[in-house]
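What follows is a short report on a single structure.
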Amino acid sequence: MSSGFGLPAIDFLGGLSQIGRTLALGSEQQRKRDLAQALGTSLQSGDYAGAAKAAFEAGEADTGLGILKYGLTADQQKRATAASDWWNKGVSG
């Protein structure tokens with residue numbers, strides 16, 4: 001397309017808009033990678049509260065709630081196992 005002087009019309013606004021979208025997408029991907037790394041580190045060490053906190057701070061409420069629920073379930077299972085072991089030890093001992 002010509003601007004009337006024989007030179008092609010350039011859509012600067014469209015190009016800048018695309019650059020903005022690309023940068024935003026890259027930033028979102030980096031945020032997700034950072035969150036995944038923080039979650040992985042916390043979960044590997046058994047720090048469910050820390051992992052949930054990282055998820056909430058990143059705006060991932062559903063993920064945070066899921067981690068909290070999983071952490072509570074894991075804690076309850078540990079306590080039940082410890083109580084069972086204690087009971088069995090007392091009964092057989």
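Values below: every heavy atom of this structure, side chains too, minus hydrogens, waters and symmetry copies. Sequence positions, counted from 1, serve as the residue numbers for this chain.
In this structure, the side chains of Y70 and D75 stay at 4.5 Å or more apart for every pair of heavy atoms. Side-chain atoms of Y48 and L43, non-hydrogen and from C-beta on, do get closer than 4.5 Å to each other. The shortest distance between side-chain heavy atoms of T63 and L39 falls below 4.5 Å.
Heavy-atom neighbours of D62 CG from other residues, nucleotides or ligands within 6.0 Å: at or below the threshold of 12. Heavy atoms from other residues, nucleotides or ligands lying under 6.0 Å from CZ of R79 number 12 at most.
Residues I67 and F56 fall into different hydrophobic clusters, defined by Ile, Leu, Val, Met, Phe, Trp and Tyr side chains chained together at heavy-atom separations under 4.5 Å.
Between S42 and G50, the shortest heavy-atom distance links the atoms OG-C, 3.9 Å.
Atom CD in Q30 sits 11.0 Å away from atom CD in E28 (nearest 0.5 Å).
Proximity of a side-chain donor or acceptor of T41 to a complementary backbone N or O of Q37 within less than 3.5 Å is detected.
Note on E60 versus R31: salt bridge recorded, some NZ/NE/NH1/NH2 to OD/OE distance being below 4.0 Å.
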